[in-house]
Amino acid sequence: MSHRRQTVEVVALVLLFLGITTLTVVGFATDWMPPVASQHGAGVDEVIRYLLLTTGAVLVIGTLAMVGFLWQYGRGRPARSPQTSPRAERWWSLIPVIGMALIAEAGVLVKGLPVWAQVYGAPPPDALVLEVTAQQFEWIVRYPGKDGTFGRTDPALVEGAANPAGLDANDPAALDDVVARGTLHLPVGRTVYLRLGSRDVLHSFSIPAFRVKQDVVPGIIGGTQFVPTKPGRYEIACAELCGMAHYRMRGRIIVHSPEEYAQWLSEQVGFFQ
Amino acid sequence: MSATHQTGSFWTRYVFSTDHKVIGKQYFLTAVVMAVIGTGLSVLIRLQVSWPQDTWPFLQKIFPGLYEDGVLLPEHYLSLVTMHGTLMIFFVISFALVSGFGNFIIPLHIGARDMAYAFLNMLSYWTIVPACILMVASFFVPDGAAAAGWTAYPPLSALKEAVPGSGLGQTLWLLAMALFIVSFTMGSLNFVTTILNLRTRGMSMFRMPLTVWTLLIASILGILAFPALTAAAIMLLLDRHGGTSFFLPDGLVLGGAVLSHSGGTPLLFQHLFWFLGHPEVYVLVLPAIGIAFDVVAAFGRRPVFGYRTSVWALIVIAVLSMIVWGHHMYTSGMNPYLGEYFTIVTVAITVPFAVLGLNLIASLWRAEIRLRTAMLFALALVAAIGIGGLGGLWLGTATSDMYLHDSYFVVGHFHFMIGTVTFFGVFAATYYWYPKMFGRLMDETLGKIHFWLTVPGIFLAFVAMHYLGLGGHLRRVYDPTAYDYAQPIQWLNVPISIALFVATAAQIVFLVNFFRSLFHKERAGPNPWNAATLEWTAPSPPPHLNWTELPVVHRGPYDYRVDGAPEGYWPQTAPPPAAAQAVR
């Protein structure tokens, strides 16, 4: 291969690799995410920014080294002896070891775990506790009603629109439970704890704007908590493949001011009332 | 010709052969066939995701079962997604990279005449043939192929009421996977035994090329991890057909009726699946990295930088890979302390991976680079490890995974690791070892056309999938526009698809080059690249049993640009120079 042709190829490769890295770093830094609207969500975004800065820097350094070597040693010119001692090679490997240990372990643990604990720690006593039950392909929401107690439910009593939550009318606590399909009304600024259950297959309760994603596992009552920070309308998405209509297992969240929320709640009637 | 092949009839030489080289080629060609199907599925997937509102009457003519009124049905979309993943991971990459090149190259790299168990080797190939037939046949059964994702999570995969594909299609999927695992386990046992016991005189462990190291580690991982999936597959089959409830709790309501299952949990399956699933990623990725090291050394004309630190990094990766499976389940509702543990060990993998990255890049320092097609793909592989590996940190951190889990960020990430790194490894290996396999060189011009048509599109598409994931676009979604928040980013799907269509079409160039080069007049000779490893001391293609007299090894695999070497390198068989001998 002629030197000139090899130089052209090296230039093309250098441009390719620089282009790929630019596409990655600039693209990842672009504002794709829906605006954050929950308290811990800001922490999640902070972790993502941290990862962008650190891993972006590593990628840029690695790319520059690679294209530098390609340019220097790729054009068919003789190079000096490449022999290195195993000892020198061990010393060099300390750079990635220490670098990644700091970026990955120290950084991620310091930045990430507090946010993780915020989501999976015990909910505060004044948290608003609601129940969301997933089934193909909708979210069934239950408020405990004025007595603050969830009534008994039984899968055998579930009956389409007639009794979507499977509430037991013989349980006095069940009488004032409020049942809604697909829409969750919440107050701004208060911790919401959702008891999550599924009736059929795996689902995943996710609210992209809140950075919430929690699998809903049949047979297990799980939970997730968050604090909405902005009044408005948001979407619930199912993030775990759950069947044919998985792609439109959509729900709504309406976040009200505390007064509006109290007003809305007072207008609701119990399921058996 | 007679010296080149096993004696006996056409059947024992080419079909039911026990020669590792023939079996390697059989795996490779089977992978090519399955790749055509698996890639074809991805085209239909991309058409649907990018243009969910359009109708495709001409596709209905080709695939009358999948489309109705020109519209791809949602349940069939899920079958396409499921089968694309299954075929590409297990039936293409595993076959081509691990079983195909592993079989071909291990005995030649270590100086053995064949695999330790030649008959078992043949058996492992012939076990995947019914596996392939069952997998492909499942498209044609009532209700179509499996539709629960390549992860086959129950209850979706356990109950035929849950999704149409969970009928006969899912049963065939499980049976085919069980056969695949049986075959892969036989192959792995063979690889490990061969590498440990059949190395020729002088071939110590630390004189083995890195490809062999990665195949050894991948095989050990396979043996340790695959049994968990075998157990899971059998339990799932029993849940489906034997009335058991390993993965099914009580009180499930489907089709308006309460099911009688009781006492199990779907999470058990997830643990079993990922106990295999995560090491499986390394089973596929590590051999590609090993190949990259060998190719970079041969075309960089210098020793691999940090051979020993690379080996130790590979061993650390292998150990860690067995204890991190839970990072696929951060959002499953696991104990939060468990989530913290899995985060800590998962992100630790980036440390040995960064050592491999440094060693690959530093292997270009003071190199005399020859830009053959194999080298180009090895370089692109390094770039793909960078993006895929660092993106892995985003997903391995539980806190950011809370947002990114099950989004297109994950899709982009694993298409880099088990899609791009592995495929580029296959391409680098093919261009590099083709002369050894067939005695002829592939066409360089076509090779470079293949490279330049493939690589930009692949990076463009899979990087942009990360953007979609950041925007909240979820995976396995039939119509992404069903969510309002995803509508502003839907346009991105179109350039991604176009980039992928170009890259996919470019594979025709590869196939033409592959098959046309078989008939090139010019022969390659035993060592067209002046490479130092042992396979290049055998004729091209090597005869049955590889060498008339087994070679004896005197040095490491990468003695390039050493002072005093006649062609600038010492093959592994070159005895030490007289001076050095005198000192000893």
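Residue numbering restarts at 1 for every chain, and letters A, B, ... go by the order of the sequence lines.
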B/F206 vs B/Y307 aromatic rings, parallel, tilted or perpendicular, using cut-offs 30° and 60°? perpendicular

After noting the C-alpha distance and the side-chain angles of A/D215 and B/T331, does the key distance pass the side-chain hydrogen bond (donor to acceptor under 3.5 Å, both in side chains) rule? CA-CA 6 Å; A/D215 289 4; B/T331 63; 2.9 Å; yes

Contacting region of B/T309 [heavy-atom separation from chain A under 4.5 Å]: side chain

Residue, of A/V115, A/V97, A/T21, A/I220, that accumulates the most heavy atom pairs under 4.5 Å with chain B: A/V97

Side chain, backbone, both or neither: which part of A/I95 has an atom under 4.5 Å from a heavy atom of chain B? neither

Given heavy-atom pairs under 4.5 angstrom as the criterion, report whether the side chain, backbone, both or neither of B/V455 touches chain A. side chain

Looking at chain B, which one of A/R77, A/R248, A/H40, A/Q214 has the largest number of heavy-atom pairs inside 4.5 Å, strictly under? A/Q214

Could you tell me which portion of B/L364 (side chain, backbone, both or neither) has an atom closer than 4.5 angstrom to a non-hydrogen atom of chain A? both

A/I207 versus chain B, the contacting section by heavy-atom distance below 4.5 Å: neither

As an exercise: rank B/A398, B/A313, B/P74 by heavy-atom pairs under 4.5 Å with chain A and give me the winner. B/A398

Tell me, side chain or backbone of B/P352 under 4.5 Å from chain A's heavy atoms, or both, or neither? neither

With respect to chain A, which residue among B/N359, B/L73, B/V351, B/L248 yields the maximal number of heavy-atom pairs within a distance under 4.5 Å? B/V351

Can you find a pair of side-chain heavy atoms, one from B/Y478 and one from B/L78, that are under 4.5 Å apart? no

B/F416 vs B/F459 aromatic rings, parallel, tilted or perpendicular, using cut-offs 30° and 60°? tilted

Between B/L376 and chain A, which part of the residue has a heavy atom less than 4.5 Å away: side chain, backbone, both or neither? side chain

With a sphere of 6.0 Å drawn around CG of B/N335, does it hold more than 12 non-hydrogen atoms of other residues, nucleotides or ligands? yes

Options B/L254, B/I489, B/D479, B/V163, ranked by heavy-atom pairs under 4.5 Å with chain A, top entry: B/D479

Is chain A contacted by the side chain of B/L156, its backbone, both, or neither, given a heavy-atom distance below 4.5 Å? both

Cation-pi between B/R308 and B/W312: NZ/CZ under 6.0 Å from ring centre and within 45° of the ring axis? no

Under a 4.5 Å heavy-atom cutoff, which of B/S332, B/G300, B/G333, B/S166 has the most pairs with chain A? B/S332

From OG (B/S407) to CG (B/L395), nearest 0.5 Å: 7.0 Å

Measure B/W452 against the heavy atoms of chain A and call it side chain, backbone, both or neither at under 4.5 Å. side chain

Gap between atom NE2 of B/H473 and atom OH of B/Y467 - 0.5 Å precision: 15.0 Å

Salt-bridge present (A/E46, A/K111; N to O < 4.0 Å): yes

Heavy atoms, side chains only, cut-off 4.5 Å: are A/Y50 and B/T399 in contact? no

If you tally heavy-atom pairs under 4.5 Å against chain B, which of A/P114, A/S204, A/P34 wins? A/P34

Partner chain A: residue of B/L460, B/V477, B/V463 with the largest heavy-atom pair count (under 4.5 Å): B/V463

Given that the side chain runs from C-beta out, which part of A/I61 has a heavy atom under 4.5 Å from chain B: side chain, backbone, both or neither? neither

Tell me, out of B/R475, B/R302, B/E161, who's got the most heavy-atom pairs with chain A below 4.5 Å. B/R302

Run the salt-bridge test on A/R211 and A/D45 with the 4.0 Å N-O cut-off and return the result as yes or no. yes

Nearest 0.5 Å please: distance from the CD atom of B/E340 over to the OH atom of A/Y120. 11.5 Å

Comparing A/L13, A/L109, A/V47, A/V10 against chain B, the one with the most heavy-atom pairs below 4.5 Å turns out to be A/L13

Most chain B-contacting option - heavy-atom pairs closer than 4.5 Å, from A/M66, A/R80, A/E159: A/R80

Okay, B/V258 and chain A: the region with an atom under 4.5 Å from a heavy atom over there is side chain

Proximal component of A/F28, with respect to chain B [non-hydrogen, under 4.5 Å]: both

Contact check, side chains of A/R250 and A/E235, non-hydrogen atoms, under 4.5 Å: yes

Does any backbone or side-chain atom of A/P86 lie under 4.5 Å from a heavy atom of chain B? Answer side chain, backbone, both or neither. neither

What part of A/T84 is in contact with chain B, defined as an atom under 4.5 angstrom from a non-hydrogen atom: side chain, backbone, both or neither? side chain

Can you check whether B/R561 reaches A/S81 side chain to side chain, under 4.5 Å on heavy atoms? no

Student check: side-chain heavy atoms of A/V217 and A/S198 closer than 4.5 Å: no

Could you look at B/A257 and say if it's the side chain, the backbone, both or neither that has a heavy atom under 4.5 Å from chain A? neither

Side chain proximity check, B/L356 to B/S310, heavy atoms < 4.5 angstrom: yes

Turns out that what part of B/Y560 lies under 4.5 Å from chain A's heavy atoms comes down to backbone

Measuring only between side-chain heavy atoms, which start at C-beta, is B/M329 closer than 4.5 Å to B/L338? no

Scan B/W394, B/F462, B/Y403 and name whichever one has a ring-ring contact (aromatic ring centres under 6.0 Å, His included) with B/F409. B/W394

Region of B/A158 that comes under 4.5 Å of a non-hydrogen atom in chain A: neither

Select one option (side chain, backbone, both, neither) describing which atoms of B/A147 are under 4.5 Å from chain A's heavy atoms. backbone

Under 4.5 Å to a heavy atom of chain A? For B/T350 that would be both

Please tell me if the side chains of B/L404 and B/L470 come closer than 4.5 Å, counting only heavy atoms from C-beta onward. yes

Given heavy-atom pairs under 4.5 angstrom as the criterion, report whether the side chain, backbone, both or neither of B/I344 touches chain A. both

Between A/G74, A/G27, A/G43, the one whose heavy-atom pairs under 4.5 Å with chain B are most numerous: A/G27

Applying a strict 4.5 Å limit to non-hydrogen atoms, the region of A/L16 in contact with chain B is side chain

Between A/A209 and chain B, which part of the residue has a heavy atom less than 4.5 Å away: side chain, backbone, both or neither? neither

